[in-house]
Amino acid sequence: MQLIDSGNAYYAFDSAEELDALRKDAESRKETFQYDCRSRNGLNNSLTISSEQTKQRLESGAHYTIRLKVPENTTIEFDDLIRGHVSVRSENIDDKVLFKSDGMPTYHLANIVDDHLMEITHVIRGEEWLPSAPLHVLLYRFLAWQAPLFAHLPLLLKPDGNGKLSKRDGDRMGFPVFPLEWNDPKTGEKSSGYRESGYFAEAFINMLALLGWNPGDEREVMTVEEMSQAFSLERVSKSGAKFDPVKARWFNHQYMMHKPVEELAAEFENELKKHGLELFDHQTMLTITQMLRERADFIKDLPASGAFFFKAPTEYNEVDLKKHSTADSGTWLASLSAIFATTEWTQENIDTAISSFISSNSVPAGKLYNILRIAVVGNSSGPHLADILFLLGAAETSKRMDSLIANL
RNA sequence: GGCCCGUUCGUCUAGUCGGCCUAGGACGCCAGGUUUUCAUCCUGGAAAUCAGGGGUUCGAAUCCCCUACGGGCUACCA
């Protein structure tokens with residue numbers, strides 16, 4: 001109302017169908033129809049009819065919208081905290097609908113009123129809002145309200161090709177887009193979330209913060225505390241950033257290494273219980289977690305990569321076995337098993353036993369270590385071998401060696 | 001199409017007043033090492049003629065202009 005009285009807004013009686021037709025028509029001539037300061041004088045609104053007629057129409061209950069009257073021939077300017085000075089000619093801004101025909105305000109009006117009432121000082125939003133910022137500036141001006149400071153953040157782009165990141169990309173390439181999993185109530189579509197994919201909240205925030213911003217020094221892994229200390233809008237970059245799923249995993253790994261082992265072990269234990277596996281004592285669980293975390297990106301990977309601690313391998317990795325087994329593998333394992341039987345079971349002694357076996361029998365070290373690893377783990381990767389054997393115990397170790405010998 | 005914004009290694013970026021930039025770091029990649037594996041760790045390496053072209057200047061990734069390319073917006077959505 002205030003805007004209409006001050007002449008900065010007007011009633012528009014054009015129907016959606018009429019405008020639609022105009023748009024189609026313009027399109028067929030390869031032009032664009034825009035409801036703005038140049039076209040409004042030829043359209044059906046309170047600017048083109050007398051105030052008497054306007055009054056009549058309003059009283060007769062005709063459908064109408066209220067549009068902003070963008071001034072002619074001026075340049076709207078404002079300073080964006082990230083982009084600097086931005087200016088747009090008023091002819092390029094259309095007379096946006098402020099109130100819809102159902103009497104509800106549109107986002108543009110509601111946004112301004114709401115922010116003003118809440119005494120918002122900084123409007124920080126995505127770059128896709130930049131084109132409508134001049135409109136908002138105008139609204140603040142017409143309402144004689146103090147405009148907030150604007151900052152338009154760069155967009156997150158798809159990892160491959162161009163364009164802004166959408167939830168489809170995540171599904172397509174197998175990484176989450178939303179922080180939390182959510183179900184679209186309208187379509188029933190389910191989108192995966194970072195939390196559900198095993199990302200730590202801190203790692204997620206850290207990764208996201210570094211996309212389009214940096215502290216100005218070479219730090220990358222930072223706590224929320226450190227980031228908020230270092231943060232300033234001035235250091236936000238202007239160009240869009242492609243999201244990198246690989247680096248996202250790296251960030252999570254960093255937090256795997258920094259988090260207290262107890263925390264990881266607790267979650268790890270929960271996962272194991274779900275699989276119905278029997279756990280070791282608390283201290284040993286901590287040791288195992290410590291060994292496993294070094295080569296894992298997520299807690300959820302721990303049960304699979306450390307399964308051998310809790311259960312003898314039921315099958316051996318074909319490729320690894322082929323690569324590391326020789327005609328002598330069985331004989332070596334048998335001899336070594338005999339040596340282990342008389343070895344006092346400490347990491348150091350195990351290491352010594354293996355290396356002296358290698359040197360005294362001129363056995364190729366790589367072949368021996370790997371076949372032994374395959375026997376206890378099932379494949380040729382994992383933590384330091386002596387540490388594994390020590391935790392497993394002499395009896396279990398020998399049992400697993402026998403099993404592999406039988407399978408060679 | 002129109003308008004607005006952007007453009008430094010494959011990717012994220014440093015580069016704040018032009019000289020210290022033969023452009024730095026990180027992820028990834030490659031090689032070597034940790035006298036066993038590896039997804040860890042260490043060391044090293046390849047990788048951007050700073051989108052292209054003009055200008056300003058003693059000197060430009062840094063300032064200006066043009067072009068190209070990319071993105072965003074273009075609803076009685078937000």
Side-chain angles (χ1 to χ4, degrees), chain A residues 12 14-16 19-20 23 26-27 29-35 63-67 80 82-84 86-89 91-94 96-108 110-111 125-134 152 154-155 157 159-164 207 210-221 234-235 237-251 253-254 256-257 291-297 301 305 320 323-324 351 354-355 358 363-374 377 379-386 388:
Chain A
D14 320 81
S15 71
L19 294 177
D20 234 31
R23 280 199 187 89
E27 204 176 316
R29 294 195 311 271
K30 287 191 176 175
E31 285 169 18
T32 316
F33 168 76
Q34 190 172 266
Y35 209 123
H63 277 278
Y64 66 90
T65 60
I66 296 178
R67 285 179 179 272
D80 186 287
I82 294 169
R83 273 144 225 288
V86 177
S87 66
V88 188
R89 290 291 305 168
E91 301 78 83
N92 296 320
I93 304 175
D94 56 345
K96 274 275 181 307
V97 170
L98 263 22
F99 276 101
K100 299 188 271 186
S101 57
D102 61 4
M104 292 294 284
T106 57
Y107 164 80
H108 298 291
N111 164 32
R125 75 236 293 198
E127 194 191 339
E128 70 265 35
W129 289 104
L130 195 53
S132 53
H152 290 92
L155 263 22
L157 275 18
D160 59 339
N162 300 305
K164 69 174 169 180
M207 178 272 296
L210 269 294
L211 245 32
W213 171 81
N214 71 80
D217 50 43
E218 273 163 6
R219 286 178 297 166
E220 284 204 297
V221 178
E234 286 73 20
R235 290 205 62 82
S237 55
K238 299 181 180 77
S239 48
K242 280 184 188 169
F243 170 74
D244 183 356
V246 177
K247 191 147 186 180
R249 280 211 303 278
W250 176 80
F251 268 110
H253 180 254
Q254 295 305 308
M256 276 291 260
M257 299 307 289
M291 285 159 76
L292 256 23
R293 85 198 306 196
E294 288 181 9
R295 56 206 86 214
D297 291 334
D301 293 342
S305 64
D320 291 343
K323 185 173 166 195
H324 298 292
D351 262 330
I354 299 174
S355 55
I358 290 169
V363 169
K367 295 291 181 200
L368 189 271
Y369 273 107
N370 278 295
I371 201 68
L372 180 53
R373 178 180 291 277
I374 289 168
V377 175
N379 60 60
S380 67
S381 66
H384 186 67
L385 196 47
I388 298 174

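As the structure is a prediction and not an experimental result, all values here were calculated from the model. Each chain gets a letter, A, B and so on, in the order its sequence line appears, and its residues count up from 1.
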Contact class for [X] vs. all strands (heavy atom < 4.0 Å): base, sugar-phosphate, or nothing?
X       : answer
L155(A) : sugar-phosphate
R293(A) : nothing
T32(A)  : base
S239(A) : sugar-phosphate
A16(A)  : base
R67(A)  : sugar-phosphate

Is [N] paired to anything, Watson-Crick or G-U wobble with both distances less than 3.5 Å, and if yes, which nucleotide?
N      : value
G32(B) : C42(B)
A51(B) : U67(B)
G72(B) : C3(B)
G59(B) : none
C27(B) : G10(B)

So, using side-chain contact (heavy atoms from CB on, under 4.5 Å) as the criterion, who are the partners of [X] when residues are at least two apart?
X       : answer
V363(A) : W332(A), F357(A), N361(A), L368(A)
H384(A) : D351(A), A386(A), D387(A)
P131(A) : none
S381(A) : N379(A)

Quick one: is U8(B) close enough that its OP1 or OP2 comes under 4.0 Å of any side-chain N or O from K238(A)? no
Per-nt protein contacts along nucleotides 14-24 of chain B (heavy atom under 4.0 Å; B base, S backbone sugar-phosphate only, - none) come out as SS--------S
Set of salt bridge (Lys or Arg N to Asp or Glu O under 4.0 Å) partners for [X], sequence neighbours left out:
X       : result
R219(A) : D217(A)
R373(A) : none
E91(A)  : R89(A)
D94(A)  : K96(A)

For nucleotides 27-36 of chain B, give me every protein contact, N/O to N/O, under 3.5 Å, one pair per line with atom names.
{"unit_1": "U36(B)", "atom_1": "O4", "unit_2": "H384(A)", "atom_2": "ND1", "d": "2.5"}

Roughly how far apart, to the nearest Å, are [N] and [M] at atom [atom1]?
N      : M      : atom1 : result
G72(B) : U8(B)  : C1'   : 22 Å
A46(B) : G25(B) : P     : 11 Å
A47(B) : U62(B) : C1'   : 23 Å
A14(B) : G53(B) : P     : 24 Å
A78(B) : U16(B) : P     : 42 Å

CH2 of W129(A) versus P of G72(B): gap in Å, rounded?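 Those two atoms, CH2 and P, are 15 Å apart.
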Distance from W213(A) atom CH2 to I82(A) atom CD1, nearest 0.5 Å?
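So the gap between those two atoms works out to 12.5 Å.
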TODO: State whether the distance check finds a donor on one side and an acceptor on the other, under 3.5 Å, for side chain S101(A) versus base C76(B).
DONE: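 Such a pair is found, so the answer is yes.
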Contacts under 3.5 Å, N or O only, protein and nucleotides 47-52 of chain B:
none

| message | Is it the case that the side chain of H253(A) and the backbone of A248(A) share a donor-acceptor pair, with hydrogens and angles ignored and the cut-off at 3.5 Å? | response |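 A pair under 3.5 Å: no.
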Across all chains, not counting sequence neighbours, the ring pair (Phe, Tyr, Trp, His ring centres under 6.0 Å) partners of F243(A) are F175(A)
